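Single-structure report; data block below.
We count ligands from 1, going down the list as the structure has it; atoms in each ligand are counted the same way. From a predicted model like this one, the values you see are computed outputs, not experimental measurements. All residue numbers in this chain count up from 1 along the given sequence. Side chains included, hydrogens not; waters and symmetry mates left out as well; all remaining heavy atoms used.
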Amino acid sequence: MKRIRYAAALLLVAASMPADGVRAQTLRQHGPHVHGIATVDVALDGPALQIAVEAPGANLVGFEHPPHDAQERARLEAVLAALRAPSGWLSPAPGADCRLLDADVQPHGYDAPPADGGDAHADIDARYDYRCATPEALAYIDIRLADRYPATRQVVVNLVLPQRQDRQVLGPGDHRVALAP
Ligand SMILES: [Zn+2]
């Protein structure tokens, strides 16, 4: 019981900490912060399709510090806007008729440099909730992150589907994640 409470306390601490640097690497739920690699979790449950993206800022924005000037600010805002409206790079197979219900995009590490003066890192998390009218027709999802942001060399896709769990890795030029068995 004590152990469980300790774990809960750790989670609380993790939630209240700024998500940057080494702490982010050790406390975040997903893969480590590796420049060039993005992680995409895809979960399909009935009509509900949830897609979560985690990427180092270096992949998308090109820098991992609070914007120094108007140009960097504009660059960061452009990336966040493209993530908030993902139809240009994230496409469930049209036959499944998936509608985007909600998008939540969270930049981490772009507000302030790390208080301890350590190495700065920043990343961006995005979560998308779709509702698919014909989920059985969801044969694939196209993820064009690497096409759009060439600093992304690899997209690791974790799939949790009704029938199976799987991992697919998209390299340069790949964008299609096959979901059919
Ligand atoms: Zn970094």
Within a 6.0 Å radius of atom CD on Glu136, are there more than 12 heavy atoms belonging to other residues, nucleotides or ligands?
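Yes, because the 6.0 Å sphere around CD of Glu136 holds more than 12 heavy atoms from other groups.
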Does atom CG (Asp45) have a neighbourhood of more than 12 heavy atoms from anything else shown, all under 6.0 Å?
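Not buried by this count: 12 neighbours or fewer within 6.0 Å.
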By atom name, which N, O or S atom of Glu64 is the nearest to the Zn ion (ligand 1)?
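Minimum-distance N/O/S atom of Glu64 relative to the Zn ion (ligand 1) is OE1.
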Just give me the atom name: the N, O or S atom of His121 closest to the Zn ion (ligand 1).
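Per the distance ranking, His121 contributes ND1 as its closest N/O/S atom to the Zn ion (ligand 1).
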Under a 4.0 Å threshold between the charged nitrogen and the carboxylate oxygen, would Arg99 count as salt-bridged to Asp97?
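Yes, Asp97 and Arg99 are salt-bridged.
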Report the angle formed at the Zn ion (ligand 1) by atom NE2 of His33 and atom NE2 of His35, rounding to the nearest 10°.
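For NE2 of His33 and NE2 of His35, the angle centred on the Zn ion (ligand 1) reads 110°.
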Tell me, do Arg127 and Asp125 make a side-chain contact under 4.5 Å, heavy atoms counted?
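Not in contact.
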